Amino acid sequence: MNAIEKISNTDRYARCIQTSKRVRWDIDKDVIRGRRFDVAHKFLPDGLSLADAFTTLSADEKRFVSQIQGRTYANIFGLVERFINAKVLELSHDHWFGDQVALEALVRFSDEELKHQALFRRIDAMVGEVLPDGYRFDIDPNGVGHAVLGKSTWAVLALTLDIELFTQLHYRESIEPDTGLSELFKDVFLYHWKEESQHATLDELEWVRHDAELTAEQRERAVDEFIELVAAVDGILQAQAKADAAYFTGKCGRAVDAAEARAIEAAFLKAYRWQYIHSGAQHPHFGKVLSGLITEKHGQRIQAALATLQ
């Protein structure tokens with residue numbers, strides 16, 4: 001990295017610090033504000049829950065689906081932010097005795113991710129107070145974190161940027177415009193979005209910085225590991241789609257035959273693959289950053305892998 005690039009990157013880290021200070025919020029004072037969830041409202045918008053894919057369900061049942069998916073949405077973010085925070089703390093080591101601006105930016109990032117995890121634990125408990133008993137999210141965030149961090153830094157940062165870009169897309173294009181959504185749920189992801197915006201910038205800066213240190217052989221393996229991580233995410237989604245579909249069919253208040261149950265589970269999985277894989281992979285900025293780091297053949301391998309997850 002030449003001197004001009006280093007100064008430019010330091011400025012970007014500094015802007016992330018400024019944004020962090022400006023948008024900082026408190027879970028109780030700013031987000032929850034003494035409110036409770038109301039099951040008269042959807043939690044996730046139709047554009048994320050893919051309500052139209054649940055072709056056999058009534059409007060009330062689709063609302064229940066949105067509430068189940070909303071609880072899972074919060075839990076998935078709490079899950080991924082466990083390993084994201086660990087990776088950020090690891091990366092901060094590179095700046096301990098170097099760029100102190102970059103170090104502060106990453107320390108702030110870590111602090112905000114810890115707060116987000118606390119927020120999502122609260123949301124899971126609050127949604128549990130208003131939905132029927134029996135919901136399950138049995139995925140161990142520490143186990144997932146250990147598995148993810150066993151992959152290369154390049155692969156982990158690729159997945160992390162993907163996640164933090166799609167969180168912004170989800171809020172701007174689907175959550176914020178939906179007037180039928182729970183206002184409390186919208187506020188949770190409004191405040192989450194405010195801090196994730198600078199996190200995505202930091203992810204990109206660290207990913208590009210790390211990529212510059214790799215050999216061609218290391219990058220080849222890193223691309224393979226990114227594909228492996230996406231497949232692992234899909235495994236988590238398949239398990240949760242099965243659990244959430246079973247919860248729905250057990251609590252929707254009517255008999256559901258085997259064929260409809262299979263269709264409901266397939267619709268949950270379709271929605272989850274859209275939310276957590278395809279919406280990020282199709283994000284224009286993610287594609288731009290990724291294409292700047294890999295070869296055309298790498299890109300073809302990634303697209304081929306994504307095409308199997310339909």
Side-chain angles (χ1 to χ4, degrees), residues 44 47-55 65 69 72-73 75-77 79-80 83-84 137-140 143-167 169-170 173-174 203 207 211 217-246 258-310:
L44 271 191
L48 291 180
S49 70
L50 300 191
D52 290 345
F54 294 83
T55 56
V65 164
Q69 289 196 29
T72 291
Y73 195 73
N75 281 323
I76 290 286
F77 280 118
L79 174 81
V80 301
F83 71 74
I84 289 172
F137 189 85
D138 295 331
I139 305 158
D140 174 22
V144 171
H146 281 295
V148 170
L149 296 176
K151 303 297 185 182
S152 66
T153 292
W154 193 99
V156 176
L157 286 174
L159 179 63
T160 301
L161 179 61
D162 185 342
I163 291 167
E164 291 182 329
L165 285 173
F166 77 56
T167 63
L169 187 74
H170 290 180
E173 295 193 357
S174 298
D203 294 332
W207 190 19
D211 177 83
E217 291 76 16
Q218 289 171 324
R219 191 173 295 104
E220 186 81 15
R221 179 57 188 154
V223 169
D224 287 339
E225 291 188 333
F226 174 57
I227 293 170
E228 291 166 6
L229 283 176
V230 173
V233 169
D234 190 63
I236 290 171
L237 301 182
Q238 290 184 49
Q240 195 59 36
K242 186 178 184 68
D244 286 353
E260 185 181 11
R262 288 193 297 272
I264 290 168
E265 182 178 331
F268 268 102
L269 180 57
K270 181 179 180 180
Y272 290 164
R273 282 174 164 170
W274 166 246
Q275 290 166 27
Y276 306 110
I277 296 177
H278 296 300
S279 65
Q282 296 173 19
H283 193 290
H285 190 68
F286 180 75
K288 179 181 178 181
V289 178
L290 178 64
S291 64
L293 303 179
I294 62 174
T295 66
E296 183 177 348
K297 287 185 178 180
H298 291 151
Q300 290 170 351
R301 291 210 326 257
I302 292 170
Q303 290 304 315
L306 290 171
T308 68
L309 308 178
Q310 300 296 336

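Worth knowing before you read on, the calculation uses all heavy atoms, side chains too, and leaves out hydrogens, waters and symmetry mates. This structure is a prediction, so every number in the text was calculated from the model and none was measured.
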- Message: Could you go through Ser279 and His170, starting from their C-alpha distance and side-chain angles, then the distance that decides it, and tell me whether this counts as side chain to side chain contact (heavy atoms under 4.5 Å, CB included)?
- Response: CA-CA 8 Å; Ser279 65; His170 290 180; 2.9 Å; yes
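Looking at Arg301 and Glu220, a side-chain N of the basic residue comes within less than 4.0 Å of a carboxylate O on the acidic one, giving a salt bridge.
No side-chain heavy atom of Gln275 sits less than 4.5 Å from a side-chain heavy atom of Ile76. Counting only heavy atoms from C-beta outward, the side chains of Val230 and Leu309 approach each other to under 4.5 Å. Put simply, the side chain of Glu265 does not reach to within 4.5 Å of the side chain of Gln238, judged on heavy atoms. Contact check for Thr72 versus Tyr272: side-chain heavy atoms found under the 4.5 Å cut-off. Counting only heavy atoms from C-beta outward, the side chains of Gln282 and Trp274 approach each other to under 4.5 Å. Contact of the Ile294 side chain with the Ile302 side chain is registered, since non-hydrogen atoms from C-beta on lie closer than 4.5 Å. A heavy-atom distance below 4.5 Å is not found between the side chains of Gln69 and Leu50.
In this structure, CG on Leu229 lies 7.5 Å from OG on Ser152, to the nearest 0.5 angstrom. Between atom NE2 of residue His283 and atom CD of residue Glu164 there is a gap of 12.0 Å, rounded to the nearest 0.5 Å. Atom CD1 of residue Ile84 and atom OG1 of residue Thr160 lie 4.5 Å apart, to the nearest 0.5 angstrom. A distance of 9.0 Å separates OG1 in Thr167 from CG in Leu169, rounded to the nearest 0.5 Å. For the atom pair CD1 of Ile227 and NZ of Lys151, the computed distance is 11.5 Å after rounding to the nearest 0.5 Å. Taken from CG in Asp203 to CG in Leu165, the straight-line distance is 7.5 Å, to the nearest 0.5 Å.
Taking all atoms of both residues into account, the shortest heavy-atom contact from Gly280 to Asp162 is CA-OD1, 2.9 Å. Contact between Ala267 and Ala53 at its shortest, heavy atoms only, is CB-O, 3.8 Å. Phe226 and Leu159 get closest at one heavy-atom pair: CE1-N, 3.7 Å. Across every non-hydrogen atom of Val144 and Phe83, the tightest pair is CG1-CD2, 4.4 Å. Pairing each heavy atom of Ser49 with each of Ala271, the nearest pair is O-CB, 3.4 Å.
Taking the six-membered ring for Trp and thresholds of 30 and 60 degrees, Phe54 and Phe268 have ring planes more than 60 degrees apart, a perpendicular arrangement. Between Phe77 and Tyr73, the ring-plane angle classifies as perpendicular under the 30° and 60° cut-offs.
His285 NE2: more than 12 foreign heavy atoms inside a 6.0 Å radius.
Looking at Arg219, its side chain does come within 3.5 Å of a backbone N or O of Asp211 through a donor-acceptor pair. The backbone N or O of Ala155 sits nowhere less than 3.5 Å from a side-chain atom of Glu225 that would complete a donor-acceptor pair.
Side chain to side chain, Thr295 and His298 meet the donor-acceptor criterion of an N or O pair below 3.5 Å.
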